[in-house]
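The block underneath contains the structure these notes are about, expressed in structure tokens.
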Number of protein chains: 2
Amino acid sequence: MISPSAEPLSSSIRGAGLKVTEPRLAVLAALEMQPHADADTVFSQVKRHLPGTSLQAVYGVLAALTAAGLLRKIEPAGSSARYERRIGDNHHHLICTDCGTVQDVDCVTGEAPCLTPADTAGFAVHTAEVTFWGLCPTCQTSNNQR
Amino acid sequence: MISPSAEPLSSSIRGAGLKVTEPRLAVLAALEMQPHADADTVFSQVKRHLPGTSLQAVYGVLAALTAAGLLRKIEPAGSSARYERRIGDNHHHLICTDCGTVQDVDCVTGEAPCLTPADTAGFAVHTAEVTFWGLCPTCQTSNNQR
DNA sequence: CGCGTTGTTTTTAGCGATTCAAAACAACCA
DNA sequence: TGGTTGTTTTGAATCGCTAAAAACAACGCG
């Protein structure tokens with residue numbers, strides 16, 4: 001057991017038909033603390049509690065949990081893949097062009113207007129992804145200082 | 001001179017304050033023929049006319065032209081960066097989850113509704129990017145054959 | 001409660017896409 | 001035409017991630 005909050009984590013893993021292991025619990029716990037973390041960030045977080053864990057294990061866990069639907073993987077242009085536990089709702093992201101920080105955005109103005117392109121060109125569309133790019137509050141002020 | 005259509009290409013490069021060179025003309029010409037090509041595809045196209053060109057030169061040209069605003073770079077999750085000459089209008093993309101084919105999509109239903117998130121969380125948003133994921137016509141039929 | 005099966009993690013390599021740095025080179029202005 | 005400055009070549013390195021095989025541990029069954 002890794003912490004008192006590990007119990008609900010265990011059942012979600014088990015519920016997905018996966019074996020419950022320390023690395024998996026630790027990865028979920030890490031993403032609870034730091035949403036939108038990349039593999040390396042998760043890795044350093046996990047290492048604190050499970051020093052023997054390898055980076056490859058983290059990659060494996062992230063892939064397994066993503067395939068199982070427990071995690072959502074986002075791949076912003078220009079940075080490494082990030083993962084989040086918030087799944088199932090279709091929310092979008094606000095990403096800082098300077099520092100890469102990711103913020104969740106509850107769906108856009110006027111409901112889900114972006115879910116259908118004007119002309120699908122014969123594609124069977126199954127997902128619409130919206131990403132807003134801009135400067136986060138922190139980078140706005142540090143840019144002003146220049 | 002690389003072809004009769006090289007003239008307008010030259011002036012667009014010059015107009016951006018860049019020196020006009022054969023590799024640059026060839027890259028623009030290649031993207032005229034194959035929109036949404038990646039660096040490697042552009043490279044093999046360019047090599048036909050300019051056999052001495054290096055892949056790194058292509059990367060350099062793509063970066064320079066993108067920085068100059070003559071090219072737009074798109075980085076779909078799971079595939080290498082692609083480039084297109086169509087810039088300035090805000091159009092979006094339809095990408096095949098199977099083969100990675102990219103299609104342009106003129107803005108979504110009801111004008112530009114996606115340009116403003118409900119809550120910007122203090123970000124100074126400057127761009128909204130919409131990507132539709134689905135199966136292209138070709139991949140739909142080949143999937144049915146399985 | 002322990003054992004075996006099956007799924008996980010470790011270890012060790014490897015690969016593709018892209019970037020970096022220095023030297024050779026060419027476009028363009030005066 | 002000559003310099004200056006920006007480009008391309010050449011050669012190598014980096015980053016993020018995937019692959020493969022062997023060691024290992026979770027979980028269901030007896």
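The figures here come from the full heavy-atom set of this structure, side chains too, leaving out hydrogens, waters and symmetry mates.
- L18(B) has its CG atom 13 Å from the P atom of dC29(C), to the nearest Å.
- Atom NZ of K19(A) and atom P of dA25(D) are 12 Å apart (whole Å).
- The residue A64(B) sits apart from the nucleic acid: no heavy atom pair falls under 4.0 Å.
- Residues forming a side-chain hydrogen bond (donor to acceptor under 3.5 Å, both in side chains) with D104(A) (at least two apart in sequence, or on another chain): H36(A), R86(A), H91(A), H93(A).
- Atom-to-atom, CD of E22(B) to P of dT7(D) comes out at 15 Å; the value is rounded to the nearest Å.
- Heavy-atom nearest nucleotides on DNA chain D were determined for T21(B) and for Q56(B), and the one closer to the 5' end corresponds to T21(B).
- For L50(B) and dA26(C), the CG to P distance is 12 Å, given to the nearest whole Å.
- At whole-Å resolution of the value, CG in L65(B) and P in dT8(D) are 9 Å apart.
- In terms of position on DNA chain C, the residue among E75(B) and G52(A) whose nearest nucleotide sits closer to the 5' end is G52(A).
- Residue R14(A) contributes atom CZ, which lies 9 Å from atom C1' of dC27(D) at whole-angstrom precision.
- Side-chain contact between P23(A) and L50(A) is present, with heavy atoms from C-beta onward closer than 4.5 Å.
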Carefully, step by step, assess V102(B) and R82(B) under the rule side-chain contact (heavy atoms from CB on, under 4.5 Å).
CA-CA 9 Å; V102(B) 178; R82(B) 288 145 186 281; 3.9 Å; yes
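- Nucleic acid contact class of A63(B) (heavy atoms, under 4.0 Å, all strands): none.
- To the nearest angstrom, C1' of dC15(C) lies 14 Å from OH of Y59(A).
- Side chains of L9(B) and E32(B) form a contact here, defined as non-hydrogen atoms less than 4.5 Å apart.
- Between the CG atom of L55(A) and the P atom of dA19(D) there is a distance of 15 Å, rounded to whole Å.
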